[in-house]
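To start, the structure under review is shown below, and the notes come after it.
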Protein chains: 2
Amino acid sequence: MSTATHNAEALAQKLADSGLRSTPQREVVYEVLLKKRDHPTADEVFARVKSGLPTISLATVYNCLETLVQCDLVRAVNFERGPTRYCPNLRPHAHFHDEQTGKTHDIDLPSELLEKVSSVLPAGYDAKSVEIIFRGKATKAAH
Amino acid sequence: MSTATHNAEALAQKLADSGLRSTPQREVVYEVLLKKRDHPTADEVFARVKSGLPTISLATVYNCLETLVQCDLVRAVNFERGPTRYCPNLRPHAHFHDEQTGKTHDIDLPSELLEKVSSVLPAGYDAKSVEIIFRGKATKAAH
DNA sequence: TTGCACCTTAGAACCATTCCAATTTGTTGA
DNA sequence: TCAACAAATTGGAATGGTTCTAAGGTGCAA
């Protein structure tokens with residue numbers, strides 16, 4: 001079975017879990033995110049998706065991205081006012097924002113660190129998620 | 001010397017350091033941020049500032065906020081697509097975003113933790129700043 | 001095979017922000 | 001003191017990302 005087929009089935013499954021349908025648009029949008037993990041904006045996804053599905057509309061791309069976020073297949077990332085970016089990496093990770101290049105890199109986080117971070121919360125604060133963003137420059141490229 | 005006067009002088013000093021002038025607009029915008037530290041948007045700042053300076057324009061509020069950020073007197077905060085929020089708290093701190101109320105709380109961070117967090121960065125990544133955002137619900141109000 | 005809920009689509013509308021050109025204000029040095 | 005120049009403010013227009021709306025398509029379920 002090809003990777004694409006496998007992803008499509010995993011997607012169909014997750015969508016079904018939420019009572020939603022799998023559609024060509026949703027499949028292609030998801031494939032595009034998995035294929036090039038450079039935190040694209042909705043516009044960039046739109047451009048990439050069009051080569052496989054020329055009649056798709058921008059509104060649909062927004063809809064699909066929103067759906068994927070709801071189904072926990074994709075994370076929406078916002079830092080620095082500007083377009084939302086999308087990330088199919090579901091492992092716990094931080095983002096490193098390179099101020100020179102504007103590129104965003106994923107940084108894996110040991111679960112031990114996440115616990116440590118959450119432990120600074122005073123009583124009465126119940127965090128469902130933690131997001132960590134680094135800003136600076138990357139002197140060498142990473143994966 | 002009143003607090004307001006003291007703040008105004010600190011502001012004038014910081015502005016002068018960058019070769020900028022202190023103006024009534026900049027003073028009032030800064031006062032407004034210091035007075036109610038609830039991470040207001042530019043629009044909210046605009047509304048609050050108008051009571052003291054009825055002829056100020058929204059464009060000026062944006063300009064002043066940008067200036068204050070440049071002078072390191074204020075932090076601009078962006079999470080959740082939506083308007084930028086402004087925060088006069090300069091101590092290292094994280095933000096806790098209460099998903100029920102939409103309110104944002106400051107969480108002080110021990111410098112020891114910041115070091116720990118930064119230590120997860122692989123070689124080649126040089127972080128100038130770290131931002132930490134919690135999301136969840138606050139079962140009791142804090143400060 | 002008809003009905004109905006879900007999806008997609010194009011374009012209009014929206015909202016936060018930035019840009020622009022025209023004043024106003026402040027500062028400097030003649 | 002004043003002229004001249006720079007810095008700052010203003011209102012409105014323009015922009016860019018996103019959401020809304022209304023209309024048309026698609027596919028499962030009785």
Side-chain angles (χ1 to χ4, degrees), chain A residues 8 11-32 39-50 52-71 73-86 102, chain B residues 8 11-12 14-32 39-50 52-71 73-87 102:
Chain A
L11 169 64
Q13 185 56 56
K14 275 275 197 177
L15 287 167
D17 290 351
S18 307
L20 300 171
R21 291 180 193 156
S22 187
T23 68
Q25 290 84 348
R26 286 171 179 171
E27 283 176 19
V28 177
V29 166
Y30 189 42
E31 283 304 325
V32 156
H39 307 83
T41 63
D43 257 353
E44 288 164 349
V45 171
F46 182 44
R48 294 176 197 176
V49 161
K50 273 204 280 203
L53 220 52
T55 61
I56 197 172
S57 74
L58 178 58
T60 300
V61 170
Y62 274 102
N63 291 339
C64 292
L65 288 170
E66 173 62 15
T67 302
L68 294 174
V69 169
Q70 294 310 321
C71 294
L73 284 159
V74 164
R75 270 171 65 182
V77 181
N78 282 285
F79 37 80
E80 316 281 36
R81 154 139 288 280
T84 299
R85 296 179 171 276
Y86 296 88
Chain B
L11 168 65
K14 274 275 196 176
L15 287 168
D17 291 350
S18 306
L20 301 171
R21 293 181 192 155
S22 186
T23 67
Q25 290 84 348
R26 285 171 180 170
E27 283 177 20
V28 177
V29 166
Y30 189 43
E31 282 304 323
V32 156
H39 306 84
T41 63
D43 257 352
E44 288 165 348
V45 172
F46 182 43
R48 293 175 198 178
V49 162
K50 273 203 282 202
L53 220 52
T55 62
I56 196 171
S57 74
L58 179 57
T60 299
V61 170
Y62 275 101
N63 291 339
C64 292
L65 289 169
E66 173 63 16
T67 300
L68 295 175
V69 169
Q70 294 310 320
C71 295
L73 285 159
V74 164
R75 271 170 66 181
V77 181
N78 282 286
F79 39 80
E80 315 282 37
R81 151 139 291 281
T84 298
R85 296 179 169 276
Y86 297 86
C87 172

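In the text below, chain A, chain B and the rest are named by the order of the sequence lines, each starting its count at 1. This one's a predicted model, so the numbers in the text were calculated from it and none came from an experiment.
Not one side-chain nitrogen or oxygen of B:Q25 sits closer than 4.0 Å to the OP1 or OP2 atom of C:dT25. Between A:R21 and D:dG27 there is no side-chain polar atom (N or O) within less than 4.0 angstrom of OP1 or OP2. Not one side-chain nitrogen or oxygen of A:T23 sits closer than 4.0 Å to the OP1 or OP2 atom of C:dC6.
Taking 4.5 Å as the limit, some side-chain heavy atom of A:R26 sits within range of a side-chain heavy atom of A:L20. Counting only heavy atoms from C-beta outward, the side chains of A:D43 and A:L58 approach each other to under 4.5 Å. Within the 4.5 Å cutoff, no side-chain heavy atoms of B:V29 are placed close to those of B:T60. Considering only heavy atoms from C-beta on, A:R48 comes within 4.5 Å of A:P40 through its side chain. Contact of the B:V28 side chain with the B:I56 side chain is not registered, since no non-hydrogen atoms from C-beta on lie closer than 4.5 Å.
For the atom pair CG (A:L11) and OG (A:S22), the distance works out to 4.5 Å, reported to the nearest 0.5 Å.
The main-chain N or O of B:T41 is found under 3.5 Å from a side-chain atom of B:E44 such that the two form a donor-acceptor pair.
For A:E27 and C:dC7, the CD to C1' distance is 14 Å, given to the nearest whole Å. Summarising the geometry, the separation between CZ on A:F46 and P on C:dT8 is reported as 14 Å, rounded to the nearest angstrom. One can place CG of B:L20 at 16 Å from P of C:dG26, the figure rounded to the nearest angstrom. For the pair A:E44 CD and D:dT18 P, the computed distance is 11 Å after rounding to whole Å.
A heavy atom lying under 4.0 Å from DNA chain D marks the following residues of residues 78-86 of chain B, by number: B:R81. Residues from residues 52-66 of chain A that place a heavy atom under 4.0 Å from any atom of DNA chain D, listed by number: A:L58, A:A59, A:Y62.
Of all the heavy atoms in B:C87 and B:V77, the pair that sits closest is CB-CG2, 4.0 Å.
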